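Both counts, for ligands and for their atoms, begin at 1 and track the order of listing. All values derive from a computational prediction rather than experimental measurement. Nothing fancy with the numbering, it's 1 onward along the sequence.
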Amino acid sequence: MLHYDVLVVGAGLSGLRAATVASRSADVAVISKVYPTRSHSCAAQGGMNAALGPDDSWEKHMFDTVKGSDYLGDQTAIEILCREAPDEIVALERMGALFSRDPDGRLAQRALGGALFERTCYAADLTGFVLLHTLYEQSLRHGVKVYPEWYLLKLIVEDGVCKGVMALDLQRGQLEVIRAKVVIVATGGYGRIFRKTSNSHSCTGDGMALAYEAGAILSDMEFVQFHPTTLYGCNILISEAARGEGGYLLNNRGERFMDRYAPEKMELAPRDVVSRSIATEIKEGRGFENEFVHLDLRHLGAAKIEEKLPQVKDIAIRYAGVDPAEAPIPVQPGQHYSMGGIRCDEWGQTNIQGLLVAGECANVSVHGANRLGGNSLLETVIFGRQAGQRAVELARQTRWPKLGPQPLAGVRAYLDERMPGQRGDRPGTLKREMTGLMMDKVGVFREEGELEEAVAELKTLRQRYEAIRLSSNSLAFNYDLVTYLELGWMLELAEVIAQGALRRTESRGAHYRLDYPGRDDGRWLVHTYAQRSDDGLIFSDGPVSITRFQPAERGY
Ligand SMILES: Cc1cc2nc3c(=O)[nH]c(=O)nc-3n(C[C@H](O)[C@H](O)[C@H](O)COP(=O)(O)OP(=O)(O)OC[C@H]3O[C@@H](n4cnc5c(N)ncnc54)[C@H](O)[C@@H]3O)c2cc1C
């Protein structure tokens, strides 16, 4: 049996940042279901925020983040995020990540939505790619053992203590148990629960669902970010950097319609506001083909597009046949980010001893009800580092955990239980139904009747899931099995999202209820906690940390 002081699940930016820090004084391994540099972090385009400008400050960054979160973000955590951002940029540069520069050699910064200043550092529009490759190199340099295409199946939690994981090596078709003093889950978001999403196929929320299954608290799951500009047809992201560099949004009358919704910030209002504005234009007949609006970059000129937005240009040409220097890009809102996640403190600690979390799967609550562009990459590295440091301290104080009898037989039984017979639906059929249902009924606009329907339909899908049919019960590269497992976890999370959205009878940030259009601080200035019990899903409320900025009306 393998054993490590610290086992990290997930090789995105948060997992690798945690691993590089922990590996300085502990024996560390990382497992990842995709090859590390294919983690979704690699797709991040726009950049990472840090207050560097002469008139900017971490306090202003903090204010923008708190306001952007619609006052639901925890201010103790947001303070760490913003105060430590400038040093983290320097640390990443020292590791070898080269950020774009101004002509005078200073770090270049661009504007993203909801910010008072140009505050986002970037490497052209390939920021995630550059950072992920840098951190992967650093992990290898620091002797981190990496297991690519190892698939987390279960967190081993006994007597309230996490003692390791069960995993499947997809290449060899081999089941493995890894014992660890500390497990850090950094498995990213669940975007694939929704039909239209900018997220990679691997973003299926596995770690969130497995932690929930093991007794961890999920919080604020009803807050789902819809990005305003995903490419019509395939929903690949067209980065906010396109608007940050000066792009316009136009309806079918050629109007820059954002002046009706956010007259000051226009296209650079926060994402929840811009997504609702686009959805309203389309709903009221001012979109194209009742499906999309235009993102116009033509006035930026071919040279600027080439220099600042090469990936946006490439994506538009390849996937929509549109050269943005010559024609506007068709865009529509699509799921983009999971604000909610596994509840943790500023050190990544959950309610389960020995289980830490970081990145998009975690909810330390720096984004509250709505995340600002450029703050997620920042969260992955700052709180990945925090978790890595804490993991080392915990591992020092912890003895090797003793596992219950025959853990491998346990894994086999676990999978056998899930190897269904020759009846029922195929996993892909159910997945299509679930993603469509979540998009239509738990999307940008929500209301009681549709949410109740969604909850009921998810229950039916769950029953059909129990009788699913697989084409093979082999363990090696069996993607039918993988889809099946992921679907089960997504159905679990979808229920928490839909139930949470039904329960929260107000509108705040990305959660917009047509039947409760106002924010209700009296009742709902609280985090939503969801936990699994023998009687099913139980909700409760948790306090919000408010230190510097009192809740106020949020206008742009
Ligand atoms: C297209 C796109 C563009 C974005 N642009 C920006 C941006 O410009 N700025 C910004 O701040 N944010 C941006 N974001 C958000 C940001 O990139 C992500 O929130 C962040 O990178 C997530 O990092 P992570 O480390 O938490 O997870 P990920 O990078 O998603 O990595 C998850 C890891 O977990 C592993 N994993 C998952 N399940 C399992 C399992 N069952 N077993 C084993 N391993 C598993 C995966 O293999 C992967 O290695 C963007 C997001 C998208 C989708």
Side-chain angles (χ1 to χ4, degrees), residues 7-19 30-50 81 85 110 112-113 120-123 125-129 131-132 135-136 146-155 165-170 184-192 197-210 225 227 229-231 235-241 244 271 311 315 334-339 341 357-362 366-367 371-381 383-384 387 482 485-486 489:
L7 177 74
V8 181
V9 185
L13 284 174
S14 50
L16 294 183
R17 188 72 180 106
V30 175
I31 67 168
S32 172
K33 72 178 181 184
V34 300
Y35 192 77
T37 48
R38 293 192 60 220
S39 303
H40 187 62
S41 293
C42 191
Q45 304 171 0
M48 182 172 136
N49 294 338
L81 181 86
R110 64 164 51 115
L112 288 186
T120 308
C121 299
Y122 57 92
D125 57 2
L126 300 160
T127 315
F129 178 92
L131 294 178
L132 192 63
L135 281 176
Y136 186 43
V146 179
Y147 295 93
E149 296 185 318
W150 278 45
Y151 201 95
L152 173 70
L153 291 179
K154 197 179 173 75
L155 294 164
V165 306
M166 299 177 181
L168 169 63
D169 173 359
L170 283 175
I184 303 178
V185 169
T187 46
Y190 55 61
R192 284 279 149 184
T197 177
S198 66
N199 284 195
S200 313
H201 285 274
S202 58
C203 298
T204 47
D206 312 0
M208 280 187 210
L210 288 169
Q225 180 160 81
H227 195 290
T229 60
T230 69
L231 191 63
N235 301 104
I236 294 178
L237 184 75
I238 299 296
S239 170
E240 194 166 303
R271 290 175 179 170
Q311 191 175 191
I315 289 169
Q335 192 284 348
H336 181 61
Y337 185 79
S338 328
M339 259 82 68
V357 293
E360 192 170 337
C361 71
V366 285
H367 311 301
R371 169 173 83 82
L372 294 187
N375 267 355
S376 172
L377 290 187
L378 183 60
E379 179 194 10
T380 63
V381 286
F383 290 99
V482 167
L485 291 168
E486 289 174 347
W489 296 326

- Task: Hey, can you tell me if Tyr35 and Tyr136 have their rings parallel, tilted or perpendicular (30° and 60° cut-offs)?
- Result: perpendicular
- Say you draw a straight line from OG1 of Thr380 to CG of Leu13; how long is it, rounded to the nearest 0.5 Å? 4.5 Å
- Pair Thr120, Asn49: side-chain N/O donor-acceptor within cut-off below 3.5 Å: yes
- Are any side-chain N or O atoms of Gln225 and backbone N or O atoms of Arg371, one a donor and one an acceptor, separated by less than 3.5 Å? yes
- Note on the structure: The answer, listing residues by chain and number that come under 4.0 Å of ligand 1 through any heavy atom, is Val9, Gly10, Ala11, Gly12, Leu13, Ser14, Ser32, Lys33, Val34, Ser39, His40, Ser41, Ala43, Ala44, Gln45, Gly46, Gly47, Trp150, Tyr151, Leu152, Ala186, Thr187, Gly188, Ser198, Asn199, Asp206, Leu237, His336, Tyr337, Gly359, Glu360, Arg371, Gly374, Asn375, Ser376, Leu377, Thr380
- Message: Can you tell me which residue among Ser376, Ser338, Ser41 is in a side chain to side chain donor-acceptor pair (under 3.5 Å) with Glu360?
- Response: Ser338
- Note on the structure: Rounded to the nearest 0.5 Å, the CD atom of Gln335 sits from the CG atom of Asn199 at a distance of 5.0 Å
